[in-house]
Engineer: 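Below you'll find the structure I mean.
Not measured: the values here are computed from a predicted model. Quick note: numbers below take in every heavy atom, side chains included, and nothing from hydrogens, waters or symmetry partners.
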Amino acid sequence: MNVILLGPPGAGKGTQARILESERKMIQLSTGDMLRAAVASGSEVGQRAKAVMEAGQLVSDEIVIGVISERLNAPDVTNGVIFDGFPRTTAQAEALDTLLADKGMTLDAVVEMQVDDAELVDRVSGRYTCAKCGEGYHDRHKIPATEGVCDACGSTEFKRRADDNAETVKSRLDAYHAQTAPLIAYYSARGKLKSIDGMAEIGEVTRQLNAALN
Ligand code: AMP
């Protein structure tokens, strides 16, 4: 099964993708993670993407489609893929249709996670992850059981994304509404769209997500 998680920054796409990975042995494909790795490595793609990401704008379709196209050549994608943060423009959605068709893969569902903008700024500006295993936390909503120690792996190192600050979140939300939200109509017209309540507790969102996929 191949699915797209669609929603604004902070909607919980990454959190739910990680849960689907462990429950269904699917593979999370986050273009944000891939681009951050490219920036950290100093590759040509990373150098081209860095300033755009810091400004909270969208990296060019050409770069992002190239990154995802290469990733879809790896053998593990046959386990089923969760697209997280991709596609983000109509051009990317069209490119994905072509890429999947070329590889003999199907798109089973697009799940839109609905969250209010006001909630998103609070969620994104307080979040951080374990530097070792990637488990997600939040200053107010999800703190480790033992302060400073990751619940999942015991690591004591955490990190925050450079673009998770209130000012950049605003640009990222603007980009979502202007460039990504049209995909709701795109996938609805193709009979692929399911919408769930991203404002609920994490476990309830997972329940709704599973119901949408089953
Ligand atoms: P994310 O981790 O999904 O929030 O992405 C972080 C940043 O990476 C975004 O604000 C964009 O600058 C860039 N990015 C990630 N995915 C895409 C995409 N599909 N298209 C364009 N830019 C992207």
Engineer: Pairing donors with acceptors under 3.5 angstrom, does anything connect the side chains of Arg24 and Asn210?
Structural biologist: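 Yes, side-chain donor-acceptor contact under 3.5 Å.
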
Engineer: Determine, stepwise, if the pair Val169 / Asp163 fulfils side chain to side chain contact (heavy atoms under 4.5 Å, CB included).
Structural biologist: CA-CA 7 Å; Val169 175; Asp163 60 350; over 6 Å; no

Engineer: Is any side-chain heavy atom of Val111 closer than 4.5 Å to a side-chain heavy atom of Leu6?
Structural biologist: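 They are not in contact (no side-chain heavy atoms under 4.5 Å apart), so the answer is no.
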
Engineer: Of the non-hydrogen atoms in Ala17 and Leu5, which two are nearest, and what is the gap between them?
Structural biologist: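 In this case the closest contact between Ala17 and Leu5 is N-CD1, 3.9 Å.
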
Engineer: How about Lys170: does its NZ atom have over 12 heavy atoms from other parts shown lying under 6.0 Å from it?
Structural biologist: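 Atom NZ in Lys170 is not packed in, count stays at 12 or less.
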
Engineer: So, Gln16 versus Thr206: side-chain donor-acceptor pair below 3.5 Å or not?
Structural biologist: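 Yes, Thr206 and Gln16 have a side-chain donor paired with an acceptor closer than 3.5 Å.
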
Engineer: Any chance you could measure Arg36, atom CZ, to Thr31, atom OG1, to the nearest 0.5 Å?
Structural biologist: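 Answer for the CZ-OG1 pair, Arg36 versus Thr31, is 8.5 Å.
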
Engineer: For the residue pair Asp117 and Tyr176, confirm or rule out a side-chain donor-acceptor distance under 3.5 Å.
Structural biologist: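 No.
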
Engineer: Within the structure provided, determine whether Leu29 and Asp84 are in side-chain contact (heavy-atom separation under 4.5 Å).
Structural biologist: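 A side-chain contact under 4.5 Å is absent here.
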
Engineer: Between Val110 and Phe83, is there a shared hydrophobic cluster once you connect ILVMFWY residues whose side-chain heavy atoms come closer than 4.5 Å?
Structural biologist: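 Yes, one cluster joins them.
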
Engineer: Membership question, hydrophobic clusters at under 4.5 Å side-chain separation (ILVMFWY): are Leu58 and Phe86 in the same one?
Structural biologist: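 They do not share one cluster, since no chain of ILVMFWY contacts under 4.5 Å joins Phe86 to Leu58.
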
Engineer: Might you point out which heavy atoms bring Pro8 and Leu120 nearest each other, and give the distance in Å?
Structural biologist: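 So the two residues come closest at CG-CD1, 3.4 Å.
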
Engineer: If you group Ile, Leu, Val, Met, Phe, Trp and Tyr by side-chain heavy-atom gaps below 4.5 Å, do Leu72 and Val59 land in one group?
Structural biologist: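 As far as the 4.5 Å side-chain criterion goes, Val59 and Leu72 are connected within one cluster.
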
Engineer: When you measure from the side chain of Lys194 to the backbone of Ala109, do you find a donor-acceptor pair of N or O atoms at a distance under 3.5 Å?
Structural biologist: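 Such a contact is absent between Lys194 side chain and Ala109 backbone.
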
Engineer: Nearest 0.5 Å, what's the CE-OG distance between Met113 and Ser195?
Structural biologist: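 These two atoms lie 11.0 Å from each other.
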
Engineer: Has Ser43 got a side-chain atom pairing as donor or acceptor with Val39's backbone, closer than 3.5 angstrom?
Structural biologist: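 Such a contact is absent between Ser43 side chain and Val39 backbone.
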
Engineer: Distance to the ring centre below 6.0 angstrom and angle to the axis at most 45 degrees; does that hold for Arg190 and Tyr186?
Structural biologist: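 Cation-pi check for Arg190 and Tyr186: passes.
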
Engineer: Any side-chain donor paired with an acceptor under 3.5 Å for Gln114 and Glu112?
Structural biologist: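 A donor-acceptor contact under 3.5 Å links the two side chains.
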
Engineer: Give me the atom names and distance for the closest heavy-atom approach of Ala38 to Val45.
Structural biologist: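 Heavy atoms only, the tightest pair is CB-CG1, 4.1 Å.
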
Engineer: Salt-bridged, Lys50 to Glu54, with N to O below 4.0 Å?
Structural biologist: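 Yes, Lys50 and Glu54 are salt-bridged.
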
Engineer: When you measure from the side chain of Lys132 to the backbone of Glu157, do you find a donor-acceptor pair of N or O atoms at a distance under 3.5 Å?
Structural biologist: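 Checking the backbone N and O of Glu157 against the side chain of Lys132, no donor-acceptor pair under 3.5 Å is found.
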
Engineer: Answer yes if Val124 and Met199 sit in the same cluster of Ile, Leu, Val, Met, Phe, Trp and Tyr residues linked by side chain heavy atoms under 4.5 Å apart, and no otherwise.
Structural biologist: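 Yes; Met199 is reachable from Val124 via cluster members.
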
Engineer: About how many Å separate OG of Ser125 and CZ of Arg161, when rounded to the nearest 0.5 Å?
Structural biologist: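 Arg161 atom CZ to Ser125 atom OG measures 12.5 Å (nearest 0.5 Å).
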
Engineer: Could you give me the CA-CA distance, side-chain angles and deciding distance for Met26 and Leu213, then say whether side chain to side chain contact (heavy atoms under 4.5 Å, CB included) is met?
Structural biologist: CA-CA 13 Å; Met26 295 168 74; Leu213 297 181; 5.6 Å; no

Engineer: Measure across Ile65 and Ala95 and return the closest heavy-atom pair with its distance rounded to 0.1 Å.
Structural biologist: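 Here Ile65 and Ala95 meet closest at CD1-CB, 3.5 Å.
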
Engineer: The test is side chain to side chain contact (heavy atoms under 4.5 Å, CB included); show your working for Leu99 and Ile68 and say whether it passes.
Structural biologist: CA-CA 9 Å; Leu99 281 171; Ile68 206 89; 3.9 Å; yes

Engineer: With the side chain counted from C-beta on, respond yes when Cys150 and Cys133 share a heavy-atom pair under 4.5 Å apart, and no when they do not.
Structural biologist: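 Of all side-chain heavy-atom pairs linking Cys133 with Cys150, at least one is under 4.5 Å.
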
Engineer: Would you say that Val64 contacts Val67 through its side chain, given a criterion of any heavy-atom pair below 4.5 Å between the two side chains?
Structural biologist: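 In short, these two side chains do not touch, never coming nearer than 4.5 Å.
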
Engineer: For residues Arg71 and Met34, determine if any side-chain heavy atom of one lies less than 4.5 Å from a side-chain heavy atom of the other.
Structural biologist: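 Yes, their side chains come closer than 4.5 Å.
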
Engineer: Validate the cation-pi geometry between Lys192 and Tyr187: distance from NZ or CZ to the six-membered ring centre under 6.0 Å, angle to the ring axis within 45°.
Structural biologist: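 Verdict for Tyr187: no cation-pi partner in Lys192.
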
Engineer: Please check: side-chain N/O of Asp108 versus main-chain N/O of Asn2, any donor-acceptor pairing under 3.5 Å?
Structural biologist: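 Looks like yes, one N/O pair under 3.5 Å.
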
Engineer: Decide if atom CD of Glu204 counts as having more than 12 heavy atoms of other residues, nucleotides or ligands within a radius under 6.0 Å.
Structural biologist: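 Buried by this count: over 12 neighbours within 6.0 Å.
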
Engineer: What I'd like to find out is whether the side chain of Gln179 reaches to under 4.5 Å of the side chain of Arg88, using heavy atoms alone.
Structural biologist: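 Side-chain contact under 4.5 Å: no.
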
Engineer: Please say yes or no: joined through hydrophobic side-chain contacts below 4.5 Å, possibly via intermediate residues, are Val81 and Met1 part of one cluster?
Structural biologist: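 No; Met1 is not reachable from Val81 via cluster members.
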
Engineer: Any chance the side chains of Thr168 and Asn165 put a donor and an acceptor closer than 3.5 Å?
Structural biologist: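 Side chains of Thr168 and Asn165: pair found under 3.5 Å.
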
Engineer: Are any side-chain N or O atoms of His138 and backbone N or O atoms of Arg123, one a donor and one an acceptor, separated by less than 3.5 Å?
Structural biologist: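 Here the side-chain-to-backbone pair exists.
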
Engineer: Rounded to the nearest 0.5 Å, what's the gap from CG on Leu100 to CG on Leu107? Could you check?
Structural biologist: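 Rounded to the nearest 0.5 Å, the CG-CG separation comes to 6.5 Å.
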
Engineer: To the nearest 0.5 Å, what is the distance between OG1 on Thr129 and CZ on Arg18?
Structural biologist: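 Spacing of OG1 (Thr129) from CZ (Arg18) equals 8.5 Å.
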
Engineer: Distance-only, no hydrogens or angles: does the Tyr137 side chain make a donor-acceptor pair with backbone N or O of Asp151 under 3.5 Å?
Structural biologist: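 A pair under 3.5 Å: yes.
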
Engineer: Side chains of Val205 and Asp197: does their closest heavy-atom pair fall under 4.5 Å?
Structural biologist: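 They are not in side-chain contact.
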
Engineer: Report yes or no: does Lys142 contribute a side-chain atom to a donor-acceptor pair with the main-chain N or O of Asp139 at less than 3.5 Å?
Structural biologist: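 Checked: no pair found.
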
Engineer: Check the pair Glu167, Arg172 against salt bridge (charged side-chain N to carboxylate O under 4.0 Å, His left out), reporting the backbone distance first and the verdict last.
Structural biologist: CA-CA 9 Å; Glu167 194 186 323; Arg172 290 160 64 199; over 6 Å; no

Engineer: Atom OH in Tyr128, atom NZ in Lys159: separation rounded to 0.5 Å?
Structural biologist: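 The OH atom of Tyr128 sits 14.5 Å away from the NZ atom of Lys159.
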
Engineer: Is Leu173 close to Ser171 at the side-chain level, that is, under 4.5 Å between some pair of heavy atoms?
Structural biologist: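 No, too far: nothing below the 4.5 Å cut-off.
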
Engineer: Return the minimal non-hydrogen interatomic distance between Pro87 and Ile4, and the atom names on each side.
Structural biologist: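 Where Pro87 meets Ile4 most closely, the heavy atoms are CD-CD1, 3.6 Å.
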
Engineer: Check for a donor-acceptor pair, side chain of Glu135 on one end and backbone N or O of Cys130 on the other, with a separation under 3.5 Å.
Structural biologist: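 Checked: no pair found.
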
Engineer: Counting only N and O atoms by type, is there a donor-acceptor contact under 3.5 Å from the side chain of Thr146 to the main-chain atoms of Val149?
Structural biologist: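 Here the side-chain-to-backbone pair does not exist.
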
Engineer: Determine whether Ile63 and Leu35 satisfy the following criterion, side chain to side chain contact (heavy atoms under 4.5 Å, CB included), listing intermediate values before the conclusion.
Structural biologist: CA-CA 9 Å; Ile63 290 181; Leu35 291 168; 4.2 Å; yes

Engineer: Mind listing the closest non-hydrogen atom pair of Ile196 and Ala212 along with its distance?
Structural biologist: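 Looking at all heavy atoms of both residues, the shortest contact is CG2-CB, 4.4 Å.
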
